[in-house]
Amino acid sequence: RLLGLVRASDFTVHQRPMGPRWSAAQFPSKVVESWILGTPVITNLTSDLELYAQEGRNVVLLDSASAPAMESGLTRAWESREDFDRAAIAAWAADELSPAAYIDRLDHFFVGVAQRV
């Protein structure tokens with residue numbers, strides 16, 4: 001049921017204080033789960049999100065963890081909700097962030113290491 005709710009949502013929200021790491025993987029997995037389902041995220045840049053978050057493509061970026069930043073972000077999200085290509089978000093996330101996306105990368109890495117040894 002939860003996956004259906006995330007998929008049906010206009011956005012998910014991920015707002016945290018800047019600075020501290022919140023996950024051992026150094027990346028908030030809930031954001032990836034949203035993107036895999038094609039759902040854009042309202043977020044400020046925490047952890048390593050800056051490597052993947054693109055304003056207007058897969059996120060509405062908040063400039064801080066403050067209430068005014070959220071108010072501004074919600075307004076911008078509401079105004080631009082029809083502009084997000086959810087199929088493109090899901091396809092990009094599958095190509096870049098799904099476990100399957102790393103199989104070839106890891107295979108090439110291990111083959112390269114084995115050839116050097």
Side-chain angles (χ1 to χ4, degrees):
R1 254 181 46 192
L2 180 58
L3 295 177
L5 288 172
V6 171
R7 184 179 282 118
S9 297
D10 290 325
F11 295 89
T12 58
V13 176
H14 174 83
Q15 185 185 36
R16 291 188 176 159
M18 308 270 224
R21 295 278 184 177
W22 294 88
S23 67
Q26 308 305 324
F27 196 80
S29 61
K30 299 304 176 203
V31 173
V32 175
E33 292 167 2
S34 292
W35 287 337
I36 290 286
L37 295 170
T39 304
V41 179
I42 300 169
T43 186
N44 58 319
L45 295 178
T46 62
S47 302
D48 295 331
L49 276 175
E50 66 185 326
L51 299 172
Y52 301 98
Q54 296 179 6
E55 174 73 36
R57 179 175 179 216
N58 57 8
V59 300
V60 171
L61 284 176
L62 307 176
D63 61 10
S64 72
S66 70
M70 177 57 72
E71 181 180 8
S72 171
L74 288 171
T75 299
R76 288 182 291 118
W78 180 256
E79 292 170 352
S80 66
R81 68 190 181 283
E82 300 296 327
D83 297 337
F84 286 88
D85 184 340
R86 297 172 65 101
I89 293 170
W92 164 81
D95 287 344
E96 293 293 322
L97 303 170
S98 72
Y102 288 93
I103 292 172
D104 286 338
R105 294 174 192 163
L106 288 172
D107 187 47
H108 292 309
F109 171 76
F110 288 122
V111 168
V113 169
Q115 289 175 347
R116 288 189 295 247
V117 174

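Worth knowing before you read on, the calculation uses all heavy atoms, side chains too, and leaves out hydrogens, waters and symmetry mates.
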Inset, instruction - Tell me yes or no: between the side chains of R7 and T39, is some donor less than 3.5 Å from an acceptor? - result: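 Short answer, no.
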
Legend entry - Min side-chain heavy-atom separation T12-E33 under 4.5 Å: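 Contact flag for T12/E33 side chains = no.
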
Inset, instruction - Indicate, with yes or no, if L3 and L5 share a hydrophobic cluster defined by side-chain heavy-atom contacts under 4.5 Å among Ile, Leu, Val, Met, Phe, Trp and Tyr. - result: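 Looking at the clustering, L3 is in a separate group from L5.
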
Legend entry - Verify same cluster id: F84, V31 (apolar side-chain graph, 4.5 Å):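 Hydrophobic grouping puts F84 with V31.
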
Under 3.5 Å, which donor-acceptor pairs do the side chains of residues 90-99 form with other protein atoms, sequence neighbours left out?
{"residue": "S98", "atom": "OG", "partner": "A94", "partner atom": "O", "Å": "2.8"}
{"residue": "S98", "atom": "OG", "partner": "A101", "partner atom": "N", "Å": "3.3"}

Quick check for you: to the nearest 0.5 Å, what is the distance between [X] atom [atom1] and [Y] atom [atom2]?
{"X": "T43", "Y": "K30", "atom1": "OG1", "atom2": "NZ", "answer": "14.0 Å"}
{"X": "N44", "Y": "D63", "atom1": "CG", "atom2": "CG", "answer": "9.0 Å"}
{"X": "N58", "Y": "Y52", "atom1": "CG", "atom2": "OH", "answer": "11.5 Å"}
{"X": "I42", "Y": "R76", "atom1": "CD1", "atom2": "CZ", "answer": "9.0 Å"}
{"X": "L62", "Y": "L74", "atom1": "CG", "atom2": "CG", "answer": "7.5 Å"}
{"X": "T75", "Y": "M70", "atom1": "OG1", "atom2": "CE", "answer": "11.0 Å"}

Work out which heavy atom in [X] is nearest to a heavy atom in [Y]; give both atom names and the distance.
{"X": "V60", "Y": "S80", "answer": "CG2-OG, 4.4 Å"}
{"X": "W35", "Y": "V41", "answer": "NE1-CG2, 3.6 Å"}
{"X": "A53", "Y": "L61", "answer": "CB-CD2, 4.1 Å"}
{"X": "R86", "Y": "P40", "answer": "NH1-CD, 3.7 Å"}

Legend entry - Test item: E71 side-chain N/O and S66 main-chain N/O as donor-acceptor pair under 3.5 Å: no

Legend entry - Qualifying residues under side chain to side chain contact (heavy atoms under 4.5 Å, CB included), relative to R81, sequence neighbours excluded: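 R81 satisfies side chain to side chain contact (heavy atoms under 4.5 Å, CB included) with D10, F11, W78 once adjacent residues are dropped.
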
